[in-house]
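Report on the following structure.
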Amino acid sequence: MSVGASESATLGAMQVLGEVLDVQRSGNYFLMSVTAPGLAERARPGQFVTVGMGGEESSMVLRRSFAIQGVQVRGMYGGTLDFIVSPVGKGSQWLTKLRRHDPVNLVGPLGKPFTLPTKPVTCVLVGGGYGAAPLIMLAQALRERGCRVDSIIGASTEEKLYGSLDLKRVSTSLTLATEDGTAGIRGRVTDGLINTLDSSKVDVVYACGPMPMLASVAEECTTRKIFSQCSVEESMACGIGVCMTCVLPVIGEDGVTRMLRSCVEGPVFRGDRVRWADIGTIPEGTWGGEGPRS
Amino acid sequence: MTPTIISTVKPSPESTFDLRTHLGSLELSSPVLTASGCAAAGRELDNYFDITAIGGIVTKSIMLAPRSGRATPRMAETPSGMLNSIGLQGPGVESFLETDLAWLQQRGARTIVSIAGRTADEFGKVAAKLRVAGGFDAIEVNISCPNVEDSGQVFACRADISAQIIQTVRRNSDNKIPIFAKLSPDVTDIVEIATSVSQAGATGVSVINTLLGMVIDTQTMRPALAGVTGGLSGPAIRPIAVRCIWQIRSALPNLPIIGMGGVRTGQDALEMVLAGASAISVGTSIFNDPGAPMRIQRELEQELRNRGFESLTQAISFAHREVIEAVIEDEMGESKDESEQDWDFISE
């Protein structure tokens, strides 16, 4: 497994004033397509963009971050990119009300991307809710490398499933799971994952979704000694590594736990490195913590 | 409409406008700085603008030992602002000197190092290590971080403790190094604190740090921050910052002030300059616009030109002019005192 991401993964980030091309409703979510010349061309699977909220005089001072679902680098607009918005807050609701030609202030591509295998291996992609969005771009990249891609996506109910059509097109196989049984198997994505891991040889698992889902995916992979990469969703203020808001406890090569920034040291982390159960705390022994240090 | 690329633009071409400013013995090419805690050690921002083209970088407060900071959530957005509860996460002074300061020096950025400590003694030890290392332009002493859990009250709420820390830092620093005390607005009389740190050896003051605030999440019906309280920053606090700068300038006409608190545009920066700030730090606005310091510097220059100023210095404290004119009338015929340079602009 080669390590594609480097410390300088965000050095290619830039600020661009783009414009809205399209806003499309998809279940409970909205798919935004925007022009992002220069930015889109640099984006790799797993990276994200931040969007300024409410215009220049806005009382919302913080940008919102969105995983990149896909990019188109040619065409009459130059580079364009797609991302998914779940309109749960004031900012995301403002964003989904934008219309074609409205300006959008974008910064990106940000964060470390998923690392891609150099050989045509077997990959399983696990997505929860709109966490399936970045897996679409990832699946395409993996297929271009000749990998087998089995995708498993899930949500509490069908309305909250996202990306099944796109993922079906780019994956070798697609499994759906809903907790209420309205689509696919009744249950969680981890049930589907366990079936796949137990019935076939899997080389690497990629996951994006809510933290509890990522924790289970990482645990199932780690117990089976399967390499996993999880893209986390932490609330961020800056997205560029200066504010120290989006930290979580991650075990380093030296065995020491550090509070790492998910915007620049993530959002993709090795599943076996994140201390999932301790997110939201400073675990004892953390570098620079109050407790005894190793 | 062709989408335009913003903020990756290079700094404006050779400008003849004089943006130079002085902070004690320190001369900077521009009054625009980054605010401590909002720019890390400059490296990330160098990707969005040339960090050597602004006045300087004020680094995130560094402590003696590595520090993990507080648990998450550490942030909550508020109307025209935000609360943060980071808790001074950082690598400790040794690592800072080896990596961050070394990089800033090699990059050629003017650097004001912000330091913090749990006790006066710790502040002194950090200052002593800085003195040995060298390679920076000034020290900002963060005696007002509201997120240090072991102190019930920030140092900057007490004039005597503030003075004690500044004295200790002064004793452990090179005589020529300007020292700025960063003050909290959460006090009854900020002039009393400013006077006290000035007498204790501070070159000037940085005003203001964040205000202590709190948000309760009405969904979970619990405090939104893991640390319960946090520091309020952003445009919401700007009028408080302007008031603090004004009060200190009125009482202490010769004390250099670095102004900060919600500066988002060149016009905001000008407001602080008019109130009496010789330099302006840009903080929370960086989170909204990573190129903000460079943009604000350009905008400030334009705002000054638009008003007929020929240099930044002419605009410093300009909003006090009627008061100053009245004082001059009172003192007519008396010998000029040492604050003469501050009054040059009234030559008309």
Side-chain angles (χ1 to χ4, degrees), chain A residues 10-19 34-39 50 52-53 56-63 77-78 89-91 101 103-105 107 234-249 257-259 261 264 279-283 286-291 293, chain B residues 1-9 34 37-49 60 63 65-82 84-92 149-150 226 233-236 262 264-265 284-291:
Chain A
T10 60
L11 286 185
M14 61 200 293
Q15 186 167 189
V16 168
L17 191 60
E19 67 174 80
V34 299
T35 64
L39 190 164
T50 62
M53 292 289 126
E56 281 187 11
E57 290 298 310
S58 172
S59 70
M60 290 181 278
V61 299
L62 301 179
R63 307 175 73 85
Y77 300 104
K90 217 170 26 157
H101 299 310
V104 273
N105 187 315
V107 172
E234 267 287 342
S235 75
M236 297 173 184
C238 75
I240 58 169
V242 296
C243 79
M244 308 304 285
T245 289
C246 60
V247 298
L248 71 176
T257 298
R258 292 180 178 78
M259 299 305 290
R261 298 162 292 180
V264 290
I279 289 176
T281 71
I282 309 291
T286 299
W287 191 69
E290 294 296 314
R293 267 190 289 139
Chain B
M1 187 181 95
T2 317
T4 47
I5 293 169
I6 54 174
S7 200
T8 47
V9 288
T34 60
C38 299
R43 199 166 192 159
E44 291 83 357
L45 294 184
D46 203 27
N47 189 44
Y48 298 91
F49 66 92
K60 180 171 173 67
M63 300 182 76
R67 197 178 168 91
S68 65
R70 283 177 154 183
T72 55
R74 290 178 168 184
M75 177 271 289
E77 193 179 48
T78 61
S80 292
M82 65 175 286
N84 88 80
S85 163
I86 309 299
L88 297 177
Q89 177 170 345
E149 55 270 31
D150 10 51
S233 64
R264 170 149 61 177
T265 65
T284 303
S285 291
I286 291 173
F287 302 161
N288 182 264
D289 171 9

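Residue numbering restarts at 1 for every chain, and letters A, B, ... go by the order of the sequence lines.
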Query - Trace of the side chain to side chain contact (heavy atoms under 4.5 Å, CB included) decision for Asn84(B) with Thr245(A) - result: CA-CA 8 Å; Asn84(B) 88 80; Thr245(A) 289; 5.6 Å; no
Query raised in the report: Can Ile240(A) and Phe287(B) be said to form a side chain to side chain contact (heavy atoms under 4.5 Å, CB included), step by step?
Result: CA-CA 8 Å; Ile240(A) 58 169; Phe287(B) 302 161; over 6 Å; no
Query raised in the report: To the nearest 0.5 Å, how far apart are CG in Asp289(B) and SG in Cys238(A)?
Result: 12.5 Å
Query raised in the report: Hey, what do you get for CG (Leu88(B)) to CE (Met244(A)), rounding to the nearest 0.5 Å?
Result: 10.5 Å
When you measure from the side chain of [X] to the backbone of [Y], do you find a donor-acceptor pair of N or O atoms at a distance under 3.5 Å?
| X | Y | value |
| --- | --- | --- |
| Asn47(B) | Ala13(A) | yes |
| Arg67(B) | Gly288(A) | no |
| Gln89(B) | Met259(A) | yes |

Query raised in the report: Any side-chain heavy atom of Pro290(B) sitting closer than 4.5 Å to one from Val107(A)?
Result: yes
Query raised in the report: Are Asn288(B) and Leu62(A) close enough that some pair of their side-chain heavy atoms sits under 4.5 Å apart?
Result: no
Report summary line: Counting heavy-atom pairs under 4.5 Å with chain A, the top scorer among Ala41(B), Cys38(B), Ser80(B), Ala40(B) is Ser80(B)
**Report entry** Winner by heavy-atom pair count (cut-off under 4.5 Å) against chain A, out of Met75(B), Lys60(B), Glu77(B)
**Finding:** Glu77(B)
Requested in this report: Measure Pro79(B) against the heavy atoms of chain A and call it side chain, backbone, both or neither at under 4.5 Å.
Outcome: backbone
Query raised in the report: Using non-hydrogen atoms only, which part of Thr78(B) is less than 4.5 Å away from chain A: side chain, backbone, both, or neither?
Result: backbone
Report task. Could you tell me which of Val61(A), Leu39(A), Leu248(A) has the largest number of non-hydrogen atom pairs under 4.5 Å with chain B? Result -> Val61(A)
Report summary line: Counting heavy-atom pairs under 4.5 angstrom with chain B, the leader among Ala36(A), Pro249(A), Ala237(A), Cys246(A) is Ala237(A)
Query raised in the report: Mind checking what makes salt bridge (charged side-chain N to carboxylate O under 4.0 Å, His left out) contact with Glu234(A), not counting sequence neighbours?
Result: none
**Report entry** Closest non-hydrogen atom pair, Thr72(B) against Val247(A)
**Finding:** CG2-O, 3.4 Å
Query raised in the report: Where is the tightest heavy-atom contact between Thr286(A) and Ser68(B), given as atom of each residue plus distance?
Result: CG2-CB, 4.0 Å
Requested in this report: Please state whether the side chain, the backbone, both or neither of Ser58(A) comes within less than 4.5 Å of a heavy atom of chain B.
Outcome: backbone
Report task. For Pro91(B), check side-chain contact (heavy atoms from CB on, under 4.5 Å) against everything at least two apart and list the hits. Result -> Trp287(A), Ile62(B), Ser95(B), Asp100(B)
Query - Test log, rule side chain to side chain contact (heavy atoms under 4.5 Å, CB included), inputs Arg70(B) and Ile282(A) - result: CA-CA 7 Å; Arg70(B) 283 177 154 183; Ile282(A) 309 291; 5.8 Å; no
